[in-house]
Amino acid sequence: MRIESPKIPESLTEKKLLQMIEEEENEAVYISINEEDARNVILERFVLSNARVSRTTFTGAQMPRADFTDVQFVNCDFSNVDFSESIFHRVEFIDCKLIGSHFSNAHLAQTTFSNSMLNLSNFIDVRIKQVQFLQSSMKQMNVANGKIKGLYLNECDIDDISFFETPLMGVDISTCTYNRIEASQQVIAGLIVSRDQAVGFARLLGLRIKEEM
């Protein structure tokens, strides 16, 4: 699966996010934001494009109905951030924390989460199109009522993840690790797993595995 990288020019104008909020600027293009403390900020309907954000803390921020296009987030903390109804197009999260974050009714396309922590995050009523999770922790993530068209997971920890009313046809989790997954038979139909994982899914479906003598 081919994921497009964000289209970010080499030359960006450095700006201060908190100053933009004070000046009620609701749209930012071709900028860089570095090492800010933006905890609990409110950025409803914020538009950010062709930008790079590094080493910035957003914990507890409210960012509903935001629009992120061609953006790279590096080493940022989005724990407990509300991204509900937001749009992500050609976005990269690299070495980021998104613990307990909310993506309810969000639309993610051509988006990558790399070496990031998404434990306890919520992806409810999301639309996913060409999205990948690479070497990331997704423990106890809740995915419900999602529409998926192109989802790739590589070497992720998905222990205790929950899939509800989200068909996983064609999704490959064969390189991922977990002890437990919560999902129904209808949801996992067509899921791609390793030979060892298949035994666990057989038990999930109520099959009894007979050991060879």
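Please read these numbers as outputs of a predicted model, since none were measured by experiment. Heavy atoms only: backbone and side chains are in, while hydrogens, waters and symmetry mates are out. Numbering of residues begins at 1 and proceeds along the displayed sequence.
No side-chain heavy atom of Gln140 sits under 4.5 Å from any side-chain heavy atom of Asn142. Side-chain contact between Ser136 and Leu118 is present, with heavy atoms from C-beta onward closer than 4.5 Å. Contact annotation: the side chain of Phe163 never approaches that of Ile188 to less than 4.5 Å [non-hydrogen atoms, C-beta and beyond]. Residues Ile158 and Ile181 meet the side-chain proximity criterion, which asks for heavy atoms closer than 4.5 Å. Two residues are said to be in side-chain contact when any heavy atoms from C-beta on lie closer than 4.5 Å; Val81 and Leu98 fail this criterion. Between Arg127 and Leu108, every side-chain heavy-atom pair lies at or beyond the 4.5 Å cut-off. Residues Glu85 and Pro64 form no side-chain contact, since every pair of their non-hydrogen atoms from C-beta on lies 4.5 Å or further apart. Between Glu14 and Ile33, every side-chain heavy-atom pair lies at or beyond the 4.5 Å cut-off.
Scanning all heavy atoms of the two residues, the minimum distance from Ala38 to Thr56 falls at CB-CG2, 4.4 Å. The two residues Met63 and Phe58 make their nearest non-hydrogen contact at SD-CD2, 4.3 Å. In plain terms, the two heavy atoms of Gln110 and Arg2 that are nearest each other are OE1-O, 3.7 Å. The heavy-atom pair separating Lys7 from Asn50 by the smallest distance is O-ND2, 2.8 Å. Nearest heavy-atom pair across Ala66 and Ser86 is N-OG, 3.0 Å. Minimum interatomic distance between Pro6 and Val71 (heavy atoms only, all atoms of both residues): CG-O, 3.6 Å.
Cluster annotation: Val74 is not connected to Leu12 through the hydrophobic network of ILVMFWY side chains, with a link wherever side-chain heavy atoms come within less than 4.5 Å. Linking Ile, Leu, Val, Met, Phe, Trp and Tyr whenever their side-chain heavy atoms come within less than 4.5 Å leaves Ile99 and Met138 in two separate clusters. Cluster membership check: Leu191 shares its hydrophobic cluster with Tyr178, using side-chain heavy-atom separations under 4.5 Å among Ile, Leu, Val, Met, Phe, Trp and Tyr. Phe68 and Ile21 fall within the same hydrophobic cluster, defined by Ile, Leu, Val, Met, Phe, Trp and Tyr side-chain heavy atoms under 4.5 Å apart, directly or through other members. In the hydrophobic clustering of this structure, Ile161 groups with Ile128; members are Ile, Leu, Val, Met, Phe, Trp, Tyr whose side-chain heavy atoms approach within less than 4.5 Å, directly or through other members.
The main-chain N or O of Arg180 is found under 3.5 Å from a side-chain atom of Asp159 such that the two form a donor-acceptor pair. Checked by atom type and distance alone, the side chain of Asn122 never pairs as donor or acceptor with a backbone atom of Ile124 at under 3.5 Å. Under a 3.5 Å cut-off, the side chain of Thr111 and the backbone N or O of Ala109 do form a donor-acceptor pair. Between the side chain of Ser116 and the backbone N or O of Ser114, at least one donor-acceptor pair lies under 3.5 Å. Of the possible donor and acceptor atoms, none in the side chain of Ser49 sits under 3.5 Å from a partner among the backbone N and O of Val29. Side chain of Glu36 to backbone of Leu17: a donor-acceptor contact under 3.5 angstrom is found.
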side-chain contact (heavy atoms from CB on, under 4.5 Å) between Met20 and Phe46: does it pass, once the steps are laid out? CA-CA 11 Å; Met20 293 173 58; Phe46 186 66; 4.0 Å; yes
side-chain contact (heavy atoms from CB on, under 4.5 Å) between Gln197 and Ile173, worked out: CA-CA 9 Å; Gln197 290 170 342; Ile173 64 167; 4.1 Å; yes
Step by step, would you call Phe78 with Phe83 a ring-ring contact (aromatic ring centres under 6.0 Å, His included)? CA-CA 10 Å; Phe78 293 99; Phe83 285 120; 5.6 Å; yes
Could you go step by step and tell me if Asn145 and Phe164 meet the side-chain contact (heavy atoms from CB on, under 4.5 Å) rule? CA-CA 6 Å; Asn145 302 311; Phe164 177 77; 4.2 Å; yes
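Checked for salt-bridge contact, Asp157 and Lys139 meet the test: a charged N lies under 4.0 Å from a carboxylate O. Classification of Lys15 and Glu25 as a salt-bridged pair holds, one side-chain N sitting under 4.0 Å from a carboxylate O.
No more than 12 heavy atoms of other residues, nucleotides or ligands lie within 6.0 Å of CZ in Arg39, so this atom counts as exposed by the packing criterion. Surrounding CD1 of Ile192 are more than 12 heavy atoms belonging to other residues, nucleotides or ligands, all under 6.0 Å away.
Donor-acceptor pairing under 3.5 Å is recorded for the side chains of Thr112 and Gln132. Using modelled atom types and a 3.5 Å distance limit, the side chains of Asn119 and Ser121 yield no donor-acceptor pair. Checking Asp196 against Ser194 by side-chain atom types alone, no donor-acceptor pair falls below 3.5 Å. Of the N and O atoms on the side chains of Asn75 and Asp95, not one donor lies less than 3.5 Å from an acceptor on the other residue.
Note that CG of Leu153 is 10.0 Å distant from OG of Ser174, once rounded to the nearest 0.5 Å. We find the CZ-CG distance between Phe113 and Leu134 to be 10.5 Å, quoted to the nearest 0.5 Å. From Glu4, atom CD reaches atom CZ of Arg90 across 5.5 Å, with rounding to the nearest 0.5 Å. Taken to the nearest 0.5 Å, the CG atom of Leu48 stands 9.5 Å off from the CG atom of Leu43. Distance check: Asn105 CG to Ile87 CD1 gives 11.5 Å after rounding to the nearest 0.5 Å. Here the CD-CG distance, from Gln62 to Asn80, works out to 10.0 Å after rounding to the nearest 0.5 Å.
Ring orientation note: the planes of Phe88 and Phe93 are tilted relative to one another, at an angle of 30° to 60°.
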